[in-house]
Amino acid sequence: MDPAQTTARRVLSAHGETYAHEAGIRLRDTPAPLYQLLVLCVLLSAPIRTQTAVAAARSLFRAGLRTPRKMADSAWQARVEALGRARYRRYDERTATALGEGAQLLLERRRGDLRTLREEAGGELGRVRELLQEVPRIGPTGADIFCREVQDVWPELRPFADARVCDAAAGVGLPRSAGALAELVPPGEFVRLADGLVRMSLTPGAADRLRSS
């Protein structure tokens, strides 16, 4: 095993849980988990700690808000309270509003099914990112997170690594390009590697420990 593969395996071992998995999403190419991933990306798009955003997603899902219909039909205050239980503060009211508006938008434009977005994009990454940004509070960062997480079930997007992944990879001596990174691990582990690199970059001292090991 060459040094880059060894480093990649260490990233997977220490940090290789996807954010979707941490949020309790069993990701499949079906409407409910795709919507749950979108909710997670909305939450991760705010300038707030990643752990808080993931906890907020789990809180919303525990409250039964797992589909666009459930989210749209829920009371605004119920959404605020679910976010508050996860300490998703400062952005709770605006995010509760955005989640309700986004759910209604999906119901009206896409019958609550993000697979129609996939079909409309025709396998083009740029178009997927563009269409995602029609959803309230999803900007370039949120679109990148969605594409990074969804590529296991939307393989036409594979391999995708956003700038945060590539910067983190370069910081521990790995290639900056998505294609070269993907060659370091089996196809089913690339999302874990990408998310692991992001997690490593957010963990103080993690990159230094990896480089010195």
Side-chain angles (χ1 to χ4, degrees), residues 11-12 14-107 112-115 132 135-139 141-154 162 164-165 188-189 191-204 206:
V11 172
L12 287 173
H15 306 285
E17 181 180 21
T18 69
Y19 288 110
H21 183 269
E22 185 183 2
I25 302 169
R26 296 183 179 180
L27 195 55
R28 300 184 300 277
D29 188 27
T30 55
L34 290 173
Y35 175 67
Q36 292 158 27
L37 176 59
L38 186 71
V39 169
L40 175 62
C41 293
V42 168
L43 298 169
L44 286 168
S45 294
I48 200 164
R49 293 179 66 216
T50 300
Q51 295 94 325
T52 303
V54 172
R58 295 182 69 95
S59 182
L60 288 165
F61 301 154
R62 281 195 299 270
L65 307 181
R66 292 178 168 270
T67 67
R69 174 53 63 195
K70 291 288 188 181
M71 188 71 77
D73 288 349
S74 66
W76 177 84
Q77 187 60 39
R79 299 194 294 271
V80 170
E81 290 174 359
L83 293 169
R85 285 192 291 273
R87 301 187 178 182
Y88 193 91
R89 300 195 177 106
R90 293 178 56 202
Y91 304 98
D92 53 352
E93 295 186 355
R94 282 177 287 172
T95 300
T97 299
L99 288 170
E101 292 174 349
Q104 192 61 45
L105 179 75
L106 288 178
L107 290 169
D113 189 348
L114 282 164
R115 292 177 299 182
L132 286 168
V135 178
R137 298 294 292 274
I138 291 284
T141 296
D144 282 348
I145 296 169
F146 186 94
C147 292
R148 190 173 77 216
E149 297 284 327
V150 85
Q151 60 188 306
D152 272 349
V153 296
W154 291 3
D162 55 89
R164 174 169 278 183
V165 173
E189 294 189 340
V191 177
R192 290 183 57 226
L193 175 62
D195 278 7
L197 286 165
V198 173
R199 288 181 184 277
M200 180 194 68
S201 73
L202 297 173
T203 304

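- At a threshold of 4.5 Å between non-hydrogen side-chain atoms, the residues V42 and V39 do not count as touching.
- Atom OH of Y19 is separated from atom CG of L43 by 14.0 Å, given to the nearest 0.5 angstrom.
- Atom CG in L99 sits 6.0 Å away from atom CG in L60 (nearest 0.5 Å).
- Counting all heavy atoms, side chain and backbone alike, P204 lies closest to L202 at CD-O, 3.5 Å.
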Determine all donor-acceptor pairs shorter than 3.5 Å in which one atom belongs to a side chain in residues 22-34; sequence neighbours excluded.
{"from": "E22", "atom 1": "OE1", "to": "R199", "atom 2": "NH1", "distance (Å)": "3.1"}
{"from": "E22", "atom 1": "OE1", "to": "R199", "atom 2": "NH2", "distance (Å)": "2.6"}
{"from": "R28", "atom 1": "NH1", "to": "R26", "atom 2": "O", "distance (Å)": "3.4"}
{"from": "D29", "atom 1": "OD1", "to": "W154", "atom 2": "NE1", "distance (Å)": "2.9"}
{"from": "D29", "atom 1": "OD2", "to": "R118", "atom 2": "NH1", "distance (Å)": "2.7"}

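- Note that CG of D162 is 9.0 Å distant from SG of C147, once rounded to the nearest 0.5 Å.
- Taking the salt bridge (Lys or Arg N to Asp or Glu O under 4.0 Å) definition, one finds that R164 meets it with nothing, sequence neighbours left out.
- The side chain to side chain donor-acceptor pair (under 3.5 Å) check on T50 picks up nothing, with sequence neighbours excluded.
- For the residue pair S45 and C41, the shortest heavy atom distance occurs at OG-O, 2.6 Å.
- Applying the salt bridge (charged side-chain N to carboxylate O under 4.0 Å, His left out) definition to pairs two or more places apart or across chains, none involves residues 80-107.
- Side chains of L132 and L38 form a contact here, defined as non-hydrogen atoms less than 4.5 Å apart.
- Under the 3.5 Å distance criterion, the side-chain polar atoms of S59 are left unmatched by any main-chain donor or acceptor of A56.
- The heavy-atom pair separating A82 from A63 by the smallest distance is CB-CB, 4.5 Å.
- Closest non-hydrogen pair, A53 versus I48, comes out as CB-CG2, 4.3 Å.
- No side-chain heavy atom of T52 sits under 4.5 Å from any side-chain heavy atom of Y91.
- Annotation: side chain to side chain donor-acceptor pair (under 3.5 Å) contacts of R79 (sequence neighbours excluded): S74.
- D152 is linked by a side chain to side chain donor-acceptor pair (under 3.5 Å) to nothing, counting only residues two or more places apart in sequence or in another chain.
- Taken to the nearest 0.5 Å, the OH atom of Y88 stands 4.0 Å off from the OG1 atom of T95.
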| Verdict with reasoning, M71 to L106, per side chain to side chain contact (heavy atoms under 4.5 Å, CB included) | CA-CA 11 Å; M71 188 71 77; L106 288 178; over 6 Å; no
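- Note that OG1 of T18 and CG of L37 are 9.0 Å apart. Values are rounded to the nearest 0.5 Å.
- For A72 against A103, the heavy-atom pair with the smallest separation is N-CB, 3.8 Å.
- To the nearest 0.5 angstrom, L193 atom CG is 4.5 Å from L197 atom CG.
- The nearest pair of heavy atoms linking G196 to V11 is C-CG1, 3.6 Å.
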